[in-house]
Amino acid sequence: MKLTVITILTTCMAIASAQLPDVIVSVDARPTFLLGDGRNSQLRWFDAYGNPSLVGFKARLENGNRITVTQRLAKQLSDGDPDLTDEFYLEAPGEWRFGKQVLPFGQKKLLRETALAFKLRTNLAFEEAPLEIAVVDAGKGRQRGVIGRIGSNSGVSFAFGEHFGIQDSAFSILRQDLGGLGRSRGYRTVIGADSQIFAYPLTFESEVIALRQGHTPQDNDSTYTDIRAIYQLPNGRDKFSLAWAREWNEAINSFRLDGEFVLAPRSSLCRTCALVLPA
C-alpha cells in the first residue's frame, strides 16, 4: 500500500510540473533522555508527547500543489504504526490532501496519529465554520473510518470506525510505558472538544477527549483532559508553558513544564519536564 501511494504521488508530481519543483529539506530532531522507575536510563527519538524525530522534504509544484515526505529516525515501539515513514502526501493547500498524514483531530497534543487518508477542507453552510474531514484506511487492525474537526480556535472533533488511539503518539504524556496500544486494539468512537484563548503574553489551551466502544476488554471507556498555559517571553520568540493532563477513569495525572527557545531562523530547542502520577 505504501509503495502504491508513493508511486501515485511521484507520478502526480511529474505530470503536474514541467519544471523541477521548489524543494525544502527539513530536520525535526526530538532526542529525549528518559529516566523512569524500574527501567534503565535511555535515549529515544520521540519527545514526551510521542512526537517523532523527522527528516524529510516539501516540494512546491508549478500548479501550486505540494508534496511532503517525512521519515522517522526510529520506529514506534508498538505495531500501531510500524512504518518508518511518518507522512507522505500530495495536497492542494487549504482544499484537499491525499496520502499518509496526521489525522485531523483536536489540537494533536493528546491524540496524534498518522494513517493513509483522503482529507477535505471546507466550511459548513451555517456560520462558515471550518471543517476538516478525512476518510481513513490504515489496513486491517488499524485505523479505518471517518475522522474530522469542526472549528478554528475552538472546535469539536469526532472519529467513527475502528482502532483509533493505538499509536505511540496517542496519549503518550499519560503513559509510563513507551509503547501505544498496538494493532487490533483501540476504540470505535472518539469524541473531543478543544479551545484556545489568546491574552498576550499568555495563551490558554484546553482539550477533552472521550474514547468509547473499545475493541478488547482491556480497552475500557476513557476520558482525558489537558490544560495548558503558555507564556510568550518579551523577545517575542521564546516561550514557556505549564500543563496538567488527567485520565479520569484511572485517576492518572501528568504535570509538565515546557520550554521552547529559538536558536536561529528555523531552528529551535524544546525541553519538557514531565511527572506522571498513577492512581
Side-chain angles (χ1 to χ4, degrees), residues 1-2 5 46 48-52 70 72 75-83 85-89 97-121 130-151 155-175 177-194 206-226 245-250 252 254:
M1 180 65 74
K2 180 182 76 171
V5 174
F46 294 83
Y49 297 92
N51 298 317
T70 56
R72 298 171 185 156
K75 284 187 176 182
Q76 292 191 2
L77 296 181
S78 75
D79 59 357
D81 181 12
D83 213 346
T85 302
D86 191 61
E87 292 187 285
F88 53 95
Y89 58 79
R97 179 181 293 178
F98 172 63
K100 188 180 181 186
Q101 57 191 282
V102 177
L103 300 179
F105 193 100
Q107 296 169 337
K108 302 180 181 66
K109 295 288 181 65
L110 278 176
L111 178 60
R112 179 195 185 274
E113 296 194 290
T114 58
L116 179 62
F118 179 72
K119 182 176 73 174
L120 286 174
R121 296 179 182 177
L131 167 66
E132 288 187 320
I133 187 167
V135 178
V136 185
D137 188 352
K140 185 177 180 180
R142 301 189 177 96
Q143 300 92 336
R144 282 178 172 169
V146 177
I147 187 170
R149 182 180 183 273
I150 303 170
V156 294
S157 300
F158 56 87
F160 303 107
E162 300 177 343
H163 307 295
F164 291 102
I166 63 174
Q167 295 182 8
D168 291 8
S169 51
F171 310 107
S172 173
I173 200 63
L174 280 155
R175 290 199 312 268
D177 58 332
L178 301 182
L181 297 180
R183 184 174 179 176
S184 298
R185 292 190 57 182
Y187 297 86
R188 297 178 177 89
T189 301
V190 187
I191 302 294
D194 62 88
S206 61
E207 188 167 12
V208 56
I209 298 177
L211 299 101
R212 300 293 185 264
Q213 297 181 292
H215 283 277
T216 74
Q218 290 86 7
D219 303 323
N220 299 316
D221 289 356
S222 299
T223 301
Y224 293 84
T225 58
D226 193 18
R246 179 176 173 89
E247 198 287 313
W248 290 88
N249 297 70
E250 297 185 10
I252 300 173
S254 169

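The structure displayed is predicted, hence computed values, not measured ones.
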Asker: Looking at every heavy atom in both G50 and S172, which two are closest together, and how far apart are they?
Answerer: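 Distance-wise, the nearest heavy atoms are N-OG, 3.6 Å.
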Asker: Between D219 and R185, does at least one N-O distance fall below 4.0 Å, as a salt bridge requires?
Answerer: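 Looking at D219 and R185, the cut-off is met.
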Asker: Does the side-chain contact (heavy atoms from CB on, under 4.5 Å) test come out yes or no for H215 and R188, once each step is laid out?
Answerer: CA-CA 7 Å; H215 283 277; R188 297 178 177 89; 3.4 Å; yes
Asker: In Å, rounded to the nearest 0.5 Å, how long is the span from NZ of K109 to OG of S206?
Answerer: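 If we round to the nearest 0.5 Å, K109:NZ and S206:OG are 11.5 Å apart.
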Asker: Decide side-chain contact (heavy atoms from CB on, under 4.5 Å) for Y89 and T114; before the verdict, give the C-alpha distance in whole Å, the side-chain angles of both, and the deciding distance to 0.1 Å.
Answerer: CA-CA 11 Å; Y89 58 79; T114 58; over 6 Å; no
Asker: Does any non-hydrogen side-chain atom of D137 lie less than 4.5 Å from one of L116?
Answerer: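 A side-chain contact under 4.5 Å is absent here.
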Asker: Quick one: salt bridge (charged side-chain N to carboxylate O under 4.0 Å, His left out) partners of D194, sequence neighbours excluded?
Answerer: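 Checked D194 against salt bridge (charged side-chain N to carboxylate O under 4.0 Å, His left out); matches are R149.
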Asker: Determine whether P52 and R112 make a side-chain contact, defined as any pair of heavy atoms from C-beta on separated by less than 4.5 Å.
Answerer: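 Yes. Closest side-chain heavy atoms under 4.5 Å.
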Asker: Can a donor-acceptor pair be found between the side chains of N249 and S222 at a distance below 3.5 Å?
Answerer: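 Checked: N249/S222 side chains show no N/O donor-acceptor pair below 3.5 Å.
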Asker: So R183 and H163, do their side chains get closer than 4.5 Å, heavy atoms only?
Answerer: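 They are not in side-chain contact.
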Asker: Where do I166 and G141 come nearest, in terms of heavy atoms and distance?
Answerer: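 I166 and G141 have their closest heavy atoms at CD1-O, 3.9 Å.
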Asker: With rounding to the nearest 0.5 angstrom, report the CG to CZ distance, L120 to F98.
Answerer: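 L120 atom CG to F98 atom CZ measures 12.5 Å (nearest 0.5 Å).
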Asker: To check you understand the geometry: which heavy-atom pair defines the closest contact between Y224 and L110, and what is its length?
Answerer: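 Taking every non-hydrogen atom into account, CB-CD1, 4.1 Å.
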Asker: Say you draw a straight line from OG of S169 to CG of L111; how long is it, rounded to the nearest 0.5 Å?
Answerer: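 CG of L111 is found 7.5 Å from OG of S169.
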Asker: To check you understand the geometry: which heavy-atom pair defines the closest contact between T85 and K100, and what is its length?
Answerer: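 Minimum heavy-atom separation between T85 and K100: O-NZ, 2.6 Å.
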Asker: Just verifying a value: how many Å separate D79 CG and R142 CZ, rounded to the nearest 0.5 Å?
Answerer: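 CZ of R142 is found 6.0 Å from CG of D79.
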Asker: Got a second to check how far F118's CZ is from I133's CD1, nearest 0.5 Å?
Answerer: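 Reported to 0.5 Å precision, the distance equals 11.5 Å.
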Asker: Decide yes or no on side-chain contact (heavy atoms from CB on, under 4.5 Å) for F46 and L77, but give the supporting numbers first.
Answerer: CA-CA 11 Å; F46 294 83; L77 296 181; over 6 Å; no
Asker: Apply side-chain contact (heavy atoms from CB on, under 4.5 Å) to the pair D81 and E113, showing each step before the final yes or no.
Answerer: CA-CA 9 Å; D81 181 12; E113 296 194 290; over 6 Å; no
Asker: Provide the closest heavy-atom pair for P104 versus K119 in the form atom of the first, atom of the second, distance.
Answerer: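 That closest heavy-atom pairing would be CG-CD, 3.9 Å.
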Asker: Locate the shortest heavy-atom distance separating L103 from K108; write the atom from each residue and the value.
Answerer: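 Taking L103 first and K108 second, the nearest heavy atoms are O-CE, 3.6 Å.
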Asker: How far does CD of Q213 sit from CZ of F160, to the nearest 0.5 angstrom?
Answerer: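 The distance works out to 9.0 Å.
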